[in-house]
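First the proteins, then the strands, lettered A, B, ... as listed; each starts at 1.
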Amino acid sequence: MHSVGIVIERRVKPKVDPALVSKVRAIEDKWVDRWIKSGIFEAEPDPSKPKFFVTFPYPYINGLIHLGGAFTILRVDIAARYKRMRGFNVLFAQGWHATGGPIVSAALRIREGDKKMVSDLISMGVPVDEISKFSNPEYWVKYFSDNWRRDLISYGLSIDWRREFYTTYLNPYYSKFIEWQYLRLRDKGLVGKGTHPVVWCPKELKVVGDHDRPDEYVGISLVDAVLMKFKLDDGHIIPTMTFRPETIYGVTNIWIKPEAKYLIADVDGETWILNSYMLEELKDQGHRVNVKGEVDGSSLIGLKVNNPVTGLKVPILPAYFVDSELGTGIVMSVPAHAPYDYVALMDLKSNPELLVRYGLDSSVVDGIEPIPLIKLEGYSSIPARDAVTSRNVKDQNDFKKLDEATSEIYSKEYYNGVLLENTGKWAGRIVCEVKDEIIDWLESNGYAIRIYTLPVRVYCRCGARTHVKIVSDQWFLLYSDENWKKMTLECIDSMNLYPPEIREELKKTAFNLRDWAFTHKGELGTHLPWDPDWVIESLSDSTIYMAYYTLAKYLQHPEKYGIKPEQLKPEFFDYVLLGRGNVAEVSETTGIPAELLDEIRREFSYWYPVDLRISGKDLLYNHLVFFIMHHVAIFPREFWPRGISINGWIMVSGEKMSKSKGNFILLRDAINYWSASAVRWAEVMAGADSTLEDPNFEPSMADLAVEEILRWIDYASGNYGVGRSERLKIDDWFESALHQTIKKVTELMDKTMYKSAFVEAYYNLQNKFKWYLRRAGTPNRDLLKQFIEIQTLLLAPFIPHVADEVWERIGKDGYASIHPWPTYDESKIKPELDLAEEIVKGVLEDARELLRLVKQAKMVRVTVAAKWKYDLLAEVKKALMEGARLNEAIRISFRKVSLPSKLASQLVQSISRNPETIEMHVPVDVEYAVLKEAEEFLSRELNLKVVVEREEESSSPKKDISLPSRPAIYME
RNA sequence: GCGGGGGUCGCCAAGCCAGGUCAAAGGCGCAGGGCUUAGGACCCUGUCCCGAAGGGGUUCGUGGGUUCAAAUCCCACCCCCCGCACCA
């Protein structure tokens, strides 16, 4: 699915000590080896356990995996590992996508000795003497799938490799599966035939995809245009190409290139004058053409043509901006709304000599004035003039400014321009609303025809100029089918989608989907079973292949199960995937033993449907919708997909990753630089939550991660089992924090919010632990053990090699990787201890601030507020809960608690000034006890004697201002 | 234009759905201190402005509004990114 680019220059470098990286890498190698040997990630159906099937769109293997792919597939691995720890039987398999044109074309280039292609391969680590092997497309598939697998294994992915496969006729088993899928779609009436425009190479006689073009022509797609039929008095048609047929009402003249040669040709029975390029294009778009002669552009100058719509006679004039090789080579001039036309007209008016050269009288242009036909807010009646003047355009050679002006006027007039009275029945309408109607009208009256063309010159790799051809026997998937859409929308409604906003996006995309040309020629893929000249294109053969992972274990291992491709008759798939047919008969037809058929059927029905598909946001608008559509078309409801999680595209140091910027990083390079664990760490920190925002990979984060990882391994293994045995109040707080962390992390993991979960699981927990050590001095032994275990397990989905290493070093058996996920005990979570801890922090901060101001003090007196203040606050809180507003609540509460009026007014002020005290407050005895226990800690931190006392027993001159959660502090 | 995502205290980035505990988490950077032969790492403190008592002032793209109270809700506007199909 994702195409992979190629490294040219490597600007990003690691800063971390390579010796440290080697240490981590050694640990990783050890665990990767054990995982593979033990087969702990090989998934077998187990009806006693709930299953979880998670997938990553298989990559297009024309290159190596880079940080972008690594990011998304890491999220899949995290999901898989997490679910495994949660007790699910998890299937995570991986295949490779070879369908499409790029590999074929790249192999061709190697065969032709293309230097760039060769250097691309070398920069990906291919030895020079092996380059020639890449002239065979099949070798690409083999080489890059091997290398992807290698990279993914060292990355630590928990994939069941027995289910690996690649697509296309290179893998006949897979092709049989695709053939079956399309036969069934055809049975259901979801396949049709029709015409379709393509970019065409007239020399090689083939469709020209992006991969068939030099770089500078990549991404240019064909557009709709209109040929307007102006008529000479002798009946010859002068066709002008335009993207703005509505401006026909403002045509003042026709532009022609005097030096150019034009053809006189028969087109659908009329005599046209146009360039050879458009004639070719017309021929390939179903028009009958026949060349009759040739004419110089100059000889047409001065002639008058009839505007087919307005009937106005306008002259043909010379203009050097006209590209005789684009469109028909002849342009209609609408100076009011087209900057080029406006400037060309002005040029001509100020250079009458030019006219004389063509034997014209300068008076020809004198009478020509722009004809406004669109009203545009914020512009004069001649918007083209405004755009030209504001840019200070000198003449028609000022391409850059003119192109800018053109796109400004075109797009504004298209979306906001209102047609004027002189456009007849279109008057008052907005251009974009009526454009199609206008074209229909022009066409049905014979004033114009629709064509497809390329907006600029586009060349094929072979050097020939391409044009647009309409192919007539194109196969379509009928995505516009109402019923199909309806079922698709139902499925989307029933799915778990992360982030939630993609639900509407998916529905909208499905709803607007048009029929899809699903067959191509000359590419790798699976031949269409009923019309084998065609090959099923790449997006269309990758819609339900997740089902194939459940079969691949059997089909891709003939050495074990003895199944041959030719045995995979449609009946086979009908039986194992749809449960249709009688097993004895299917066995008879296919020659596959009935028991094996049943085993495969059980395997499929156990794992299916897909529980979660994790993908980059780019696939939202095509693949993911197709994925859903084909499932609902082929499978019964119980096998419809259950979930999708989307993430953005990776950035490196805040910039889009690109070869030219030199910040393009291959996964294997990143692992060499920083280790797999540190890369995983930095990828998660880049932003592994489910969101449409782009994550940002910071190389410095990977540097830090290496050290952080080694620190954790050392700390955990060196401190497991140390600590004091007695239990302190602060231990309760940390225990509460631990359980709270598990709870939060679990909730975030369930929402595929992996960065947030990781920050909570590591950074926030570490900070809490640091605070605990500061507060407690020596930690409690049991609690420290618990912390180390929990911390390690929470990290396991993210940095599994490291977790397993720590697990082993602290003397545990088995793997942290597949150990049950830690559970939390709700009764151990004590919010009031957190609040009390906040109070301690607050006292410490306030005391520090006071010390800065007071400069010196001998001791600190901390006075906890009197009980009646707590009672009062409790009343206020109660009143607030009942819906009272703050001031009201305070007033109500005062009536209930009797106290001296002087104190009362003071309190009103401080409560309304510090509303946080309302939320923060804990029972007075808890606050007092915690602060009392913290006396020693506070005095250690402040380097001063600290005394905690109750207001009732205090002699502090500041005791009156004490509030619940805000003890009075007095510096003596 | 339509649809989607964003614009937060030097940079990165939480918070926004469920308004008050938000001068606003965390990281980086910067400054000071501790540790250290030194550097790194690590730990602590500070990092919008003013302040000799925990306070005050001005901030969360811009401008309005709702509210006792707005980064958070409403309205209008500005800027950036992505998709709008045959590249995978």
Exercise for the section: Please check if atom NZ in A:Lys206 has more than 12 non-hydrogen atoms from other residues, nucleotides or ligands closer than 6.0 Å. Expected result: yes

Exercise for the section: Indicate, yes or no, whether a donor-acceptor pair under 3.5 Å links the base of B:C86 to the side chain of A:His196. Expected result: yes

Would you list the atom pairs, donor with acceptor, under 3.5 Å between side chains in residues 687-698 of chain A and any protein atom, with sequence neighbours excluded?
residue	atom	partner	partner atom	Å
A:Asp689	OD1	A:Tyr754	N	3.3
A:Asp689	OD1	A:Lys755	N	2.9
A:Asp689	OD1	A:Ser756	N	2.9
A:Asp689	OD1	A:Ser756	OG	3.4
A:Asp689	OD2	A:Ser756	OG	2.7
A:Ser690	OG	A:Tyr498	O	2.9
A:Ser690	OG	A:Ser645	OG	3.1
A:Ser690	OG	A:Ile646	O	3.0
A:Thr691	OG1	A:Glu693	N	2.7
A:Asp694	OD1	A:Lys617	NZ	3.1
A:Asp694	OD1	A:Trp649	N	2.8
A:Asn696	OD1	A:Ser653	N	3.2
A:Asn696	OD1	A:Gly654	N	2.7
A:Asn696	ND2	A:Glu698	OE2	3.1

Practice task
Identify, residue by residue, the members of residues 759-769 of chain A with a heavy atom below 4.0 Å from RNA chain B, and return them in order of residue number, or none.
Solution key: none

Practice task
Write down the partner of B:G46 under the Watson-Crick or G-U wobble criteria, each distance required to be under 3.5 Å.
Solution key: B:C30

Problem - Base-pairing assignment for B:G3 (Watson-Crick or G-U wobble, both under 3.5 Å) - result: B:C82

Exercise for the section: Could you state the atom-to-atom distance from CG of A:Asp846 to P of B:G55 in whole Å? Expected result: 7 Å

Practice task
Quickly work out the A:Asn622 CG to B:A85 C1' distance and round it to whole Å.
Solution key: 7 Å

Name the pairs: protein N/O against N/O of nucleotides 36-43 of chain B, kept only if under 3.5 Å.
residue	atom	partner	partner atom	Å
B:A41	O2'	A:Arg711	NH1	3.3
B:C42	OP1	A:Arg711	NH2	3.4
B:C43	OP1	A:Lys770	NZ	3.0

Problem - For A:Gln766, all residues meeting side-chain contact (heavy atoms from CB on, under 4.5 Å), sequence neighbours excluded - result: A:Trp712, A:Tyr762, A:Phe787, A:Gln791

Interface polar pairs with nucleotides 3-12 of chain B, N/O, under 3.5 angstrom:
residue	atom	partner	partner atom	Å
B:G3	O3'	A:Lys508	NZ	3.0
B:G3	O2'	A:Glu505	OE2	2.7
B:G3	O2'	A:Lys508	NZ	2.9
B:G4	O4'	A:Glu505	OE2	3.1

Measure from the side-chain heavy atoms of [X] and tell me the nearest of [options].
X: A:Lys755; options: B:A13, B:C81, B:A53; value: B:A13
X: A:Ala968; options: B:C86, B:C87, B:G54; value: B:G54
X: A:Arg514; options: B:G51, B:A85, B:U45; value: B:A85

Exercise for the section: For nucleotides B:U47 and B:G5, find the distance between their C1' atoms and express it as a whole number of Å. Expected result: 32 Å

Exercise for the section: Quote, to the nearest angstrom, the P distance that separates B:G40 from B:G51. Expected result: 33 Å

Exercise for the section: Could you pull out all residues at least two apart from A:Tyr459 that satisfy ring-ring contact (aromatic ring centres under 6.0 Å, His included)? Expected result: A:Tyr217

Problem - B:C84 OP1/OP2 closer than 4.0 Å to side-chain N/O of A:Thr509 - result: no

